[in-house]
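Below is one structure; the comments refer to it alone.
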Number of protein chains: 2
Amino acid sequence: MLPRRKNQVEEPPEQCPLGECLSVIGGTWTPNIIWYLSEHPRRFSELKDDIPGISAKMLTSRLRKLEADGVVERRVEPTSPPSVEYRLTDLGQELKPAIDAIVSVGHRLKERRAEGD
Amino acid sequence: MLPRRKNQVEEPPEQCPLGECLSVIGGTWTPNIIWYLSEHPRRFSELKDDIPGISAKMLTSRLRKLEADGVVERRVEPTSPPSVEYRLTDLGQELKPAIDAIVSVGHRLKERRAEGD
DNA sequence: CCGTATCCCCGCTGATACTG
DNA sequence: CAGTATCAGCGGGGATACGG
């Protein structure tokens, strides 16, 4: 039988660029990574240690995507034990207000639920 | 007048409640739905028409989840042609700053890419 | 008009083992 | 230390058909 080909749905014209930003910060671990990097640059293992539960694979995956999105810069220190530092780019810094806003409302959501909404 | 908010103390080693909020606005269509409802209440068909490409299934699914999250209220008008109106709750309104911040940075991401990033 | 039910693809994510 | 490779599972999301 013929392999059923998924209908190619054309991208819906986004009225507002919400998808643009959420495709950047929308992953499971991504916002946490950005949040930690927004404080200061960190090395791979530091991030892995700061974010309990994340696997090396996912951390790599997310960092690579963030690099591709131009929000994170990867800097290799050619020391004898190799060390790689990640930091937010200028563009990445612009995500901070959005992250902060999300954190803020996130707190209220938790409070609301704690109150037995 | 708003009651004075809790002091923003720095978060303990606990992770920031990004997931709390992103689990609410993190769906593919969810932010758009919230965005449109933040302007004014809309009916089911209006939303479906305003958001090109969304299926009834997803619209229902997202609206039900937003209801469960307490950010959207469903109001049935018992008219002869049945009509259902959705609107943001008070809690839902609190998401607007986050949405706005995301929209804002979303614009910059688009601009940045348009510049031949 | 306002949904529900079903099927199915595919990308995200985890676990584990391996490399420079 | 900083990753890569591979297998496997789950759940989001789309298409279609049907119900109130």
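Note on naming: letters A, B, ... go to the chains in the order of the sequence lines (proteins, then strands), and numbering restarts at 1 for each one.
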Do the side chains of [Y] and [X] get nearer than 4.5 Å, heavy atoms only?
X: A:Ser38; Y: A:Leu88; answer: yes
X: A:Leu63; Y: A:Phe44; answer: yes
X: A:Arg87; Y: A:Leu37; answer: no

Taking for B:Gly27 and for A:Thr60 the nucleotide of DNA chain D with the nearest heavy atom, the one nearer the 5' end belongs to A:Thr60
What's the [atom1]-[atom2] distance between [X] and [N], to the nearest Å?
X: B:Glu46; N: C:dC1; atom1: CD; atom2: C1'; value: 12 Å
X: A:Glu85; N: D:dA2; atom1: CD; atom2: P; value: 10 Å
X: B:Ile54; N: C:dC2; atom1: CD1; atom2: P; value: 14 Å
X: A:Lys65; N: D:dG3; atom1: NZ; atom2: P; value: 18 Å
X: A:Arg64; N: D:dG3; atom1: CZ; atom2: P; value: 5 Å
X: A:Ile33; N: C:dC12; atom1: CD1; atom2: C1'; value: 13 Å
X: B:Phe44; N: C:dT4; atom1: CZ; atom2: P; value: 8 Å
X: A:Trp29; N: C:dC12; atom1: CH2; atom2: C1'; value: 12 Å

Any side-chain N or O of [X] below 4.0 angstrom from OP1/OP2 of [N]?
X: B:Thr28; N: D:dG13; result: yes
X: B:Tyr86; N: C:dC2; result: no
X: A:Ser83; N: D:dA2; result: yes

From the set [options], return the single nucleotide nearest to any side-chain atom of [X].
X: B:Arg74; options: D:dG3, C:dG14, C:dG3; result: C:dG3
X: A:Lys57; options: C:dA15, D:dG13, C:dC2; result: C:dA15
X: A:Ser45; options: D:dT4, D:dA2, C:dG3; result: D:dA2
X: A:Met58; options: C:dC2, D:dG3, C:dT13; result: C:dT13
X: B:Arg62; options: C:dC2, D:dG13, D:dT4; result: D:dG13
X: A:Arg43; options: C:dC1, D:dA2, D:dG3; result: D:dA2

- Task: Hey, could you give me the CD1/CD1 distance between B:Ile33 and B:Ile25, rounded to the nearest 0.5 Å?
- Result: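 Reported to 0.5 Å precision, the distance equals 12.5 Å.
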- Message: Using a 4.0 Å heavy-atom cut-off, does B:Ser61 contact any base of the nucleic acid, only the sugar-phosphate backbone, or nothing at all?
- Response: nothing
query: Is B:Glu67 salt-bridged to B:Arg64, cutoff N-O under 4.0 Å?
result: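 Looking at B:Glu67 and B:Arg64, the cut-off is met.
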